[in-house]
Amino acid sequence: MRITKTVGQYMFGAGTIGALGDVLQEPKKNGATGVVYFVDHFFNGSDLLDRLPVGADDHVIFVDTTDEPTTDGVDAYVDQVKQQMDGNVAAVVGVGGGATLDTSKAVSNLLNNPGKAADYQGWDLLPNPGVFKVGIPTLSGTGAEGSRTSVMMNQEKNLKLGMNSDYTVFDRLVLDPDLTASVPRDQYFYTGMDTYIHCIESLAGSYKHAMADAYSHQALSLCRDVFLSDDMQSQENREKLMIASYMGGSAIGNSFVGVVHPFSAGLSMVFHTHHCVGNCIVMNAMDDFYATEVKEFRQMMERQDIPLPENVCGNLTNAQWQDLYDSTVVHEKPLINALGDDFKSILTPDRVREIFARM
Ligand SMILES: [Fe+2]
């Protein structure tokens, strides 16, 4: 038997952000009146802020997404919210891409659970549900809006790992494709390809099953529509990619990723490469594992005329090679999903180094 928690309700359509005020009435019925908004710092000073129903009891916190979320950073946000709002938090609203959404999910959980973010990196470790959480994606692809995880880097442990729990799932989603109109083209592509990669990894893994596969097939079909078209960022394609992202997140919520994400996590830990561009860099070196899909990925990249960073792993020290290896093979669940229990006999230190050297 499989039990999967999904998002409570979602609203979809251009202009849907206007319904946020109504959405926030529900959690306020329980007594608390304040709302904390985590907004990607990209929007600081933009007119998007005018469209948020920020009231006297509410706080807006801009999330610096220059680097991906860390456990220490999340702890600092939790302290800030506790100090500024003194327990009066009815809802946490995340407005941004995967990093901002993940930050808002983690903070919501930690407001109702003791300890630090690092205590809950893993699977099903949270004893209590978090504060009511609303996700408003402004980028499509990571699936953070639909997933049951909140990925954070733990520098102390050289580990990038999520807070995986049913309590990490958003209670409400506002899916407004108007919000992705101003995303720079490269970022739009890299982030969208995260969905493509989630789905091909899920389909190629051993944990696959009919529910995950159905999400994956449909999301892939939408990705092909978008990235093999002439205008990947047209209104129709932005709508399609927003749905594909949610479905891709649901696919991996029902299964696991594969070889690409662990290598990409290695790049994140050692070079602070962002998740989505990291995935694309890795994907371009994955001919041994996903030959057909790598060809299609390159076709999409060419069609959209998107460049990829090159020679990412040039001139490394032995210690850096070791860090890359360690922070890749630590991801046992996806690697077992993709390659079996014996994955370390396939991903030997020499092989891993040779794959990174291609990037
Ligand atoms: Fe991903």
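Computed from a predicted model, the values in this text were never measured in an experiment.
For the atom pair Phe170 CZ and Leu101 CG, the distance stands at 4.5 Å (nearest 0.5 Å). Rounding to the nearest 0.5 Å gives a distance of 12.0 Å between NZ of Lys29 and CG of Leu24. Interatomic distance, CZ of Phe227 versus CD1 of Ile306, reported as 8.5 Å (0.5 Å rounding). Interatomic distance, Phe297 CZ to Met286 CE, rounded to the nearest 0.5 Å: 11.5 Å. A distance of 14.5 Å separates CE of Met232 from CG of Asp225, quoted to the nearest 0.5 Å. Atom-to-atom distance recorded for Ile281:CD1 and Asn311:CG is 11.0 Å, nearest 0.5 angstrom.
Neither side chain, Thr168 nor Lys105, offers a donor N or O lying under 3.5 Å from an acceptor on the other. A donor atom on one side chain and an acceptor atom on the other are not found under 3.5 Å apart for Asn237 and Gln233.
No donor-acceptor distance shorter than 3.5 angstrom exists from the side chain of Ser202 to the backbone of Ser255, with no hydrogens or angles considered. A donor-acceptor contact shorter than 3.5 Å links the side chain of Arg298 to the backbone of Asn284. In this structure, the side chain of Thr71 does not engage the main chain of Ala118 through any donor-acceptor pair within 3.5 Å. Here the side chain of Asn164 pairs a donor or acceptor atom with the backbone of Gly162 at under 3.5 angstrom. Under a 3.5 Å cut-off, the side chain of Tyr120 and the backbone N or O of Asn113 do not form any donor-acceptor pair. One N or O on the side chain of Asn88 and one on the backbone of Thr33 form a donor-acceptor pair closer than 3.5 Å. Distance alone, capped at 3.5 Å, is enough to place a donor-acceptor pair between the Asp176 side chain and the Gly15 backbone. A donor-acceptor pair is defined here as one N or O able to donate and one able to accept, closer than 3.5 Å; no such pair exists between the side chain of Asp171 and the backbone of Gln9. Of the possible polar contacts, none joining the Asp47 side chain to the Asp50 backbone as a donor-acceptor pair under 3.5 Å is found.
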(request) Starting from the C-alpha separation in whole Å, work towards a yes-or-no answer on side chain to side chain donor-acceptor pair (under 3.5 Å) for Lys208 and Asn254. (result) CA-CA 8 Å; Lys208 72 203 294 296; Asn254 276 277; over 6 Å; no
(message) Apply salt bridge (Lys or Arg N to Asp or Glu O under 4.0 Å) to residues Asp72 and Lys116 and explain how you reach the verdict.
(response) CA-CA 8 Å; Asp72 289 344; Lys116 302 273 188 192; over 6 Å; no
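The shortest side-chain heavy-atom distance between Val63 and Asp40 does not fall under the 4.5 Å cut-off. Between Phe271 and Val312, the closest side-chain pair of non-hydrogen atoms falls below 4.5 Å. At a threshold of 4.5 Å between non-hydrogen side-chain atoms, the residues His261 and Ile252 do not count as touching.
The cluster map of Ile, Leu, Val, Met, Phe, Trp and Tyr, joined by side-chain heavy atoms under 4.5 Å apart, puts Leu222 and Tyr10 in the same cluster. Linking ILVMFWY residues whenever their side-chain heavy atoms come closer than 4.5 Å, directly or via other members, leaves Val36 and Val54 in distinct clusters. Hydrophobic clustering keeps Met242 apart from Leu139 (ILVMFWY residues linked when any side-chain heavy atoms are closer than 4.5 Å, directly or through intermediates).
Ring geometry for Tyr77 against Phe38 counts as perpendicular: the plane angle is over 60°, on a 0 to 90° scale with 30° as the lower cut. Between Phe256 and Tyr207, the ring-plane angle classifies as perpendicular under the 30° and 60° cut-offs.
Heavy atoms from other residues, nucleotides or ligands lying under 6.0 Å from CZ of Phe62 number more than 12.
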